A.B. asks: 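Here's a structure for you.
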Amino acid sequence: MRRDKHINPVLSNPKKRDQVPQKRKVRSDKLHDIKIPVTDLMETIILRESRKQWKGSKTTIGTELLLFGLENLFIYPDVTYSDFPSTVHCKVDHEIYQKIGEHAAEWKCSIRKAAHRIFIEAYKKKQLGGITDGEI
């Protein structure tokens, strides 16, 4: 004779229930990380600029440059994309990522290539301090 009700429920084998694991929610303020390849000279200049700022980093300078390019520049000439060993990370929110995605769809390239194109133009603009090629 088997008991259905045990005296000590902790020692009894619980019946296995088929539970579907719940998916974790994605944070609403999650940032997208975009790696932009840069030359060694550009990397040293970005590092120097980041050291000038108090607790600055390559990521913050790279993100500022990318945002400057998206907000203030309207014409982005075609740039040859080559994958360099050194990269700069840019952390952008979902809205900015969508804007870069729109440019990527327009230019028929990847988001990383579109971000590279915007970043290089903003870098030239900041470096020269004036009007770059193709801007009116």
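What you see below is based on every heavy atom in this structure, not just the backbone, and it leaves out hydrogens, waters and symmetry mates. Bear in mind the structure is a predicted one, so any value in this text is a computation, not a measurement. Along the sequence shown, residues are numbered consecutively beginning with 1.
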A.B. asks: Check the pair V88 / I46 against side chain to side chain contact (heavy atoms under 4.5 Å, CB included), numbers first and verdict last.
C.D. replies: CA-CA 9 Å; V88 173; I46 291 170; 3.9 Å; yes
A.B. asks: Between M42 and I120, is the side chain to side chain contact (heavy atoms under 4.5 Å, CB included) condition met? List the steps.
C.D. replies: CA-CA 10 Å; M42 288 174 67; I120 294 297; 3.4 Å; yes
A.B. asks: Enter the distance from H89:NE2 to T63:OG1 here, rounded to the nearest 0.5 Å.
C.D. replies: 10.5 Å
A.B. asks: How long is the gap from OG on S57 to NZ on K91, to the nearest 0.5 Å?
C.D. replies: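 So the gap between those two atoms works out to 10.0 Å.
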A.B. asks: Dump the intermediate steps for side-chain hydrogen bond (donor to acceptor under 3.5 Å, both in side chains) on Y81 and R112, then the final yes or no.
C.D. replies: CA-CA 10 Å; Y81 179 85; R112 186 173 178 181; 3.2 Å; yes
A.B. asks: Check whether W107 and V92 end up in the same hydrophobic cluster, where Ile, Leu, Val, Met, Phe, Trp and Tyr are linked by side-chain heavy atoms less than 4.5 Å apart.
C.D. replies: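 Looking at the clustering, V92 is in the same group as W107.
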A.B. asks: CD1 of I111 to CD of Q98: how many Å apart, nearest 0.5 Å?
C.D. replies: 8.0 Å
A.B. asks: Does the D40 side chain pair with the main chain of E43, one donor and one acceptor, at a distance under 3.5 Å?
C.D. replies: no
A.B. asks: So how far is it from T87 OG1 to I34 CD1, rounded to the nearest 0.5 Å?
C.D. replies: 12.5 Å
A.B. asks: Is there a donor-acceptor contact under 3.5 Å from the side chain of T59 to the main chain of C90?
C.D. replies: no
A.B. asks: Think K126 forms a cation-pi with F68, using NZ or CZ under 6.0 Å from the six-ring centre and within 45 degrees of its axis?
C.D. replies: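 So K126 does make the cation-pi contact.
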A.B. asks: Verify the neighbour count for atom CD of E106: are there more than 12 heavy atoms of other residues, nucleotides or ligands below 6.0 Å?
C.D. replies: yes
A.B. asks: Of all the heavy-atom pairs spanning A115 and I100, show the shortest one and how long it is.
C.D. replies: N-CG2, 4.0 Å
A.B. asks: Is it true that E49 and K52 make a salt bridge, defined as a side-chain N closer than 4.0 Å to a carboxylate O?
C.D. replies: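 Judged by the 4.0 Å cut-off on N to carboxylate O distance, E49 and K52 do form a salt bridge.
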A.B. asks: CG of L67 to CG of D93: how many Å apart, nearest 0.5 Å?
C.D. replies: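 The CG atom of L67 sits 8.0 Å away from the CG atom of D93.
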